[in-house]
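Read through the structure below, which is laid out as structure tokens, and then see the notes.
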Amino acid sequence: MWKYYNANTLGNSVNDCVVRSISLAEDKSWDKTYRELSEIARKEGILLDDVNFVEHYLDKRYKRACHYSKTVGEFAKEHRKGTYLITMQGHITAIIDGIIYDTFDCSNRRMWCAWKVK
């Protein structure tokens, strides 16, 4: 199941899926998450929405499990408990207790990997 979620402080609909999903999964404000990710990315000399940055950030904190044959929706139905960050081509989303929180319904998109946050 998908639920609309936009944590952007100004309510803007922008390409902030990294900040939006990580802030929700880690239970931090959008502003705090943006500042923290921006500082880490600056120190590493990479953009915070680069897939290499995102995967490195998540791998340092959580265990990765890849599911290239599943859709985001299939994963959500199978994981009714827990908090996960899910990557796919050009996007990342958060799933909490089987609900996909995002600005659009990405349930039919093929997922790459999942990191269990809680």
Side-chain angles (χ1 to χ4, degrees):
M1 178 163 81
W2 167 71
K3 183 175 181 179
Y4 179 82
Y5 176 75
N6 183 4
N8 184 287
T9 307
L10 300 175
N12 293 336
S13 181
V14 295
N15 189 20
D16 65 349
C17 62
V18 173
V19 178
R20 186 175 62 246
S21 60
I22 291 174
S23 69
L24 178 62
E26 294 183 348
D27 196 28
K28 295 189 289 192
S29 73
W30 187 96
D31 286 328
K32 180 177 182 174
T33 304
Y34 182 84
R35 283 191 305 273
E36 289 175 356
L37 293 176
S38 295
E39 183 60 23
I40 295 167
R42 186 191 63 76
K43 287 179 180 175
E44 294 180 7
I46 192 169
L47 295 175
L48 67 85
D49 64 348
D50 185 287
V51 67
N52 294 315
F53 173 81
V54 172
E55 289 180 344
H56 179 70
Y57 175 86
L58 295 175
D59 283 342
K60 285 173 49 177
R61 288 156 180 79
Y62 312 109
K63 184 179 176 187
R64 181 197 302 214
C66 296
H67 302 271
Y68 297 105
S69 64
K70 293 184 184 188
T71 65
V72 174
E74 289 169 339
F75 183 89
K77 286 179 186 173
E78 294 172 3
H79 295 83
R80 299 273 184 200
K81 295 289 181 197
T83 299
Y84 300 86
L85 287 162
I86 309 296
T87 55
M88 63 208 84
Q89 177 71 41
H91 191 58
I92 181 171
T93 195
I95 295 176
I96 300 174
D97 296 336
I99 299 171
I100 303 162
Y101 290 88
D102 213 327
T103 56
F104 68 97
D105 185 357
C106 61
S107 60
N108 289 326
R109 293 183 69 181
R110 184 81 38 209
M111 67 178 286
W112 286 353
C113 298
W115 287 262
K116 185 169 184 171
V117 178
K118 301 177 195 169

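Residue Glu36 forms a salt bridge (charged side-chain N to carboxylate O under 4.0 Å, His left out) with just one option from Arg61, Lys43, Lys28, and that option is Lys28. Only one option out of Thr9, Val19, Asn8 pairs with Asp31 in a side-chain contact (heavy atoms from CB on, under 4.5 Å); it is Thr9.
A heavy-atom distance below 4.5 Å is found between the side chains of Leu85 and Val117. In this structure the side chain of Ile100 never reaches within 4.5 angstrom of the side chain of Ile86, judged on heavy atoms. Thr93 has its side chain out of reach of Arg109: every pair of non-hydrogen atoms, C-beta onward, lies at least 4.5 Å apart. Side-chain contact between Thr103 and Arg20: present, with at least one pair of heavy atoms (C-beta onward) separated by less than 4.5 Å.
Hydrophobic clustering keeps Trp112 apart from Ile95 (ILVMFWY residues linked when any side-chain heavy atoms are closer than 4.5 Å, directly or through intermediates). Residues Tyr84 and Ile22 do not share a hydrophobic cluster, clusters being chains of Ile/Leu/Val/Met/Phe/Trp/Tyr side chains in contact below 4.5 Å. The hydrophobic clustering, which links ILVMFWY residues whose side-chain heavy atoms are closer than 4.5 Å, places Tyr62 and Met88 apart. Residues Tyr57 and Ile46 are members of one and the same hydrophobic cluster, defined by side-chain heavy-atom contacts under 4.5 angstrom among Ile, Leu, Val, Met, Phe, Trp and Tyr. Cluster membership for Val54 and Tyr34, using ILVMFWY side-chain heavy atoms within less than 4.5 angstrom, is shared.
Taking Ile, Leu, Val, Met, Phe, Trp and Tyr as hydrophobic and joining them when side-chain heavy atoms fall under 4.5 Å apart, one finds Tyr5 in a cluster with Met1, Leu24, Ile96, Ile99, Tyr101.
Note on residues 72-83: pairs passing salt bridge (Lys or Arg N to Asp or Glu O under 4.0 Å), not counting sequence neighbours, are Lys70-Glu78.
Taking all atoms of both residues into account, the shortest heavy-atom contact from Cys17 to Ser21 is O-OG, 2.7 Å. The two residues Ser23 and Ser29 come nearest to each other via the heavy atoms CB-O, 3.7 Å. Between Asp59 and Arg64 the shortest heavy-atom distance is OD2-NH2, 2.6 Å. Taking each heavy atom of Tyr68 and Cys113 in turn, the nearest pair found is OH-SG, 3.7 Å. Taking each heavy atom of Trp30 and Ala7 in turn, the nearest pair found is CB-O, 3.4 Å. Counting all heavy atoms, side chain and backbone alike, Phe53 lies closest to Leu37 at CZ-O, 3.7 Å.
In this structure a side-chain-to-backbone donor-acceptor pair under 3.5 Å is present from Asn6 to Asn12. The closest donor-acceptor contact from the side chain of His56 to the backbone of Asn52 lies at 3.5 Å or more, if one exists at all.
Remark: Phe104 pairs with His91 by the ring pair (Phe, Tyr, Trp, His ring centres under 6.0 Å) rule, at least two apart or across chains.
The NZ atom of Lys116 sits 15.5 Å away from the CG atom of Leu58 when rounded to the nearest 0.5 Å.
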Under the criterion side chain to side chain contact (heavy atoms under 4.5 Å, CB included), I'd like the reasoning laid out for Asn108 against Thr71: C-alpha separation, chi angles, the key distance, then a yes or no. CA-CA 6 Å; Asn108 289 326; Thr71 65; 5.5 Å; no

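For Lys118, the NZ atom is densely surrounded, since the number of other residues' heavy atoms within 6.0 Å is greater than 12.
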